[in-house]
**Student:** 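Pasting a structure below so you can have a look.
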There are 2 protein chains.
Amino acid sequence: MDAHAAEDPKGFEKVFAFLREQLLDGTLKPGDRLIAERELAVQLGVSRPIVREALRALHMLGIVEIRDRIGTIVKRPDISMLKDFFALALAQQADLIDDVMEARIAIECQAIRLACERAMIADFERLQRALVRIGATIDEAEAGSLADYDFHRAIVLASRSQTLAVLHDSMSTLLARSHRSRRELVQMFGSMKTYLIEDHRRVFDAIVARDPDRAEVTLRRHFAIGDEYRRRAALGDGDRGEPTTG
Amino acid sequence: MDAHAAEDPKGFEKVFAFLREQLLDGTLKPGDRLIAERELAVQLGVSRPIVREALRALHMLGIVEIRDRIGTIVKRPDISMLKDFFALALAQQADLIDDVMEARIAIECQAIRLACERAMIADFERLQRALVRIGATIDEAEAGSLADYDFHRAIVLASRSQTLAVLHDSMSTLLARSHRSRRELVQMFGSMKTYLIEDHRRVFDAIVARDPDRAEVTLRRHFAIGDEYRRRAALGDGDRGEPTTG
DNA sequence: TCATCGTATTGGTCTGACCAGAACAAAAAA
DNA sequence: TTTTTTGTTCTGGTCAGACCAATACGATGA
């Protein structure tokens with residue numbers, strides 16, 4: 001069986017194209033279980049490992065869910081796949097920290113605006129809890145860092161935007177380690193404790209007030225001040241009180 | 001054989017995690033050629049097909065390039081692979097558009113702020129060119145849409161942020177389709193021509209003035225108005241002049 | 001020195017096999 | 001009849017070993 005009755009595409013590409021076709025034209029819809037690997041292999045005249053490569057590829061794209069001993073089913077595309085992508089992709093850029101931080105600010109500033117419109121009771125509660133924990137863990141680097149993360153995460157979740165949430169989560173993962181080290185600044189600057197607590201409070205208040213403009217401005221200022229602290233730390237300066245944003 | 005000396009992840013996950021690790025901590029940098037499939041299989045105690053699945057996965061994520069008979073090399077992440085994802089995702093979940101649009105707005109608003117600080121001559125020129133083309137192609141759906149895209153793209157490029165650029169490009173791809181259709185509104189609303197030209201001009205001016213606040217506000221308003229036009233079109237309304245942002 | 005040739009190496013693919021759990025239907029028990 | 005049990009079958013998950021084709025590179029010959 002030479003069987004190159006089939007034309008151009010070869011191996012993997014053939015299978016992938018075959019499936020993509022059906023996914024694009026609606027032959028395969030979310031919830032559908034597609035034919036078994038073995039049969040697919042036979043139908044397309046390729047080996048099973050090749051079929052599996054294609055299925056794995058679709059899985060990485062979040063298009064398909066491979067359930068052990070059940071089958072491969074089409075699922076509603078989920079951007080959460082971007083998590084792996086961004087984590088890896090952004091890790092390749094040397095000076096990414098600042099770069100990624102800018103993107104994170106972008107995400108959060110948009111999120112907080114949407115949060116002002118869409119936040120529900122549960123969101124306020126989550127923000128409130130995080131706020132309390134920020135105060136309670138102000139002297140602990142690890143727990144404090146986590147509380148801080150949770151607060152910002154809560155903002156994004158309150159935006160009710162899946163895309164923003166995924167992007168934010170991806171970047172947070174990437175920034176996690178620099179966050180931890182940055183968090184040690186708290187030990188250096190006494191005034192930073194006040195800043196951390198008060199500033200988050202102000203952000204929270206703005207959201208509760210459902211004032212997008214104020215919320216965004218406050219959040220931007222929050223980031224700017226944090227950045228200023230970090231800059232000072234880099235210069236080895238001691239504590240000189242709260243920095244002011246230019 | 002037993003061989004689960006390590007009971008951690010199994011098969012694919014093991015290989016993928018192994019590579020991801022090295023990619024994240026910098027052991028593997030763009031340009032590096034990673035060990036051959038066969039040896040990788042031996043080292044991790046898995047079969048080659050499994051290794052290939054993992055490599056294919058990384059390839060789908062645009063992290064790695066598999067060169068026939070040469071080897072697998074780490075490349076600078078390329079979002080172009082995400083086009084597959086976007087195409088498929090959109091084909092099955094059209095309601096993603098609004099969600100992604102929000103994220104795009106987030107990116108651009110941050111980008112335009114940075115652009116105000118960092119834009120250089122070349123950036124202004126690119127913006128200028130796009131602006132001219134927007135005016136020149138106002139009656140052409142296809143070319144007009146492209147000019148519009150280029151203008152917004154130019155904003156992001158002027159921010160000099162690679163991360164923002166990558167995110168923006170990813171989402172633009174996804175939105176390209178809806179953009180085109182939305183663009184057909186131009187034929188419907190006479191006033192929209194004015195809006196398209198004037199509004200982009202205002203945005204441009206704000207960047208040239210290097211006024212971040214004004215630039216962001218103008219851009220947000222730009223999106224809001226466009227959204228309003230789209231809403232009207234959905235309602236089948238005729239042209240009633242320029243909409244005002246609430 | 002330069003051109004040619006081989007061989008080891010690499011990705012690309014195939015075949016056929018085994019495992020373990022899920023599905024489902026037939027058979028046995030209540 | 002209803003319930004339980006028991007298989008057989010199907011599925012994905014994995015493996016082993018093999019062949020092909022083209023490349024890289026050193027050895028060989030001109």
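The analysis underlying the following values was restricted to heavy atoms, covering all of them including side chains, and did not include hydrogens, waters or symmetry mates. Each chain gets a letter, A, B and so on, in the order the sequences are listed, and its residues count up from 1.
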**Student:** Using salt bridge (charged side-chain N to carboxylate O under 4.0 Å, His left out) as the criterion, list what pairs up with Arg118(B), not counting sequence neighbours.
**Tutor:** Glu102(A)

**Student:** Please name the pair of heavy atoms, one in Ile207(A) and one in Ile155(A), separated by the smallest distance, quoted to 0.1 Å.
**Tutor:** CD1-CG1, 4.1 Å

**Student:** What integer distance in Å separates Ile50(A):CD1 from dT15(C):C1'?
**Tutor:** 12 Å

**Student:** Rounded to whole angstrom units, what separation is found between the CZ atom of Arg33(B) and the C1' atom of dT23(D)?
**Tutor:** 11 Å

**Student:** Using a distance-only criterion (donor-acceptor N/O pair, under 3.5 Å, no hydrogens), is the base of dG12(C) paired with the side chain of Arg52(B)?
**Tutor:** no

**Student:** Glu53(A) CD to dG12(D) C1': how many Å, rounded?
**Tutor:** 16 Å

**Student:** Output the rounded distance in Å from CD (Glu39(A)) to C1' (dT11(D)).
**Tutor:** 12 Å

**Student:** Measure the distance from CD1 on Ile73(A) to P on dA23(C) and round it to the nearest whole Å.
**Tutor:** 11 Å

**Student:** Distance check needed: dC19(C) C1' versus Arg38(A) CZ, whole Å only.
**Tutor:** 11 Å

**Student:** Using a 4.0 Å cut-off on heavy atoms, which residues in residues 63-71 of chain A reach DNA chain C? List them by number, or say none.
**Tutor:** Arg69(A), Ile70(A)

**Student:** Return whichever of Pro49(A) or Ile35(B) has its heavy-atom-nearest nucleotide of DNA chain C closer to the 5' end.
**Tutor:** Ile35(B)

**Student:** Are OP1 or OP2 of dT10(C) and a side-chain N or O of Thr72(B) less than 4.0 angstrom apart?
**Tutor:** no

**Student:** Who are the ring-ring contact (aromatic ring centres under 6.0 Å, His included) partners of Phe18(A), not counting sequence neighbours?
**Tutor:** none

**Student:** Does Gln128(A) CD have over 12 foreign heavy atoms under 6.0 Å away?
**Tutor:** yes

**Student:** For Asp123(A), which residues count as a side-chain hydrogen bond (donor to acceptor under 3.5 Å, both in side chains) partner, sequence neighbours excluded?
**Tutor:** Arg126(A), Arg160(A)

**Student:** Per the atom types in the model, does the base of dT14(D) pair as donor or acceptor with the side chain of Arg48(A) at under 3.5 Å?
**Tutor:** yes

**Student:** Could you state the atom-to-atom distance from CG of Leu34(B) to C1' of dG11(C) in whole Å?
**Tutor:** 12 Å

**Student:** Ignoring hydrogens and angles, write down the donor-acceptor pairs under 3.5 Å from the side chains of residues 37-47 of chain B, residues two or more places apart or on other chains.
**Tutor:**
{"from": "Glu37(B)", "atom 1": "OE1", "to": "Arg48(B)", "atom 2": "NH1", "distance (Å)": "2.5"}
{"from": "Glu37(B)", "atom 1": "OE1", "to": "Arg52(B)", "atom 2": "NH1", "distance (Å)": "3.3"}
{"from": "Glu37(B)", "atom 1": "OE2", "to": "Arg52(B)", "atom 2": "NH1", "distance (Å)": "2.9"}
{"from": "Glu39(B)", "atom 1": "OE2", "to": "Gln43(B)", "atom 2": "NE2", "distance (Å)": "3.4"}

**Student:** Not counting sequence neighbours, which residues clear side-chain hydrogen bond (donor to acceptor under 3.5 Å, both in side chains) with Glu108(B)? List them please.
**Tutor:** Arg104(B), His152(B), His168(B)

**Student:** Using whole Å, what does the distance between atom P of nucleotide dT23(D) and atom CD of Glu37(B) come to?
**Tutor:** 17 Å

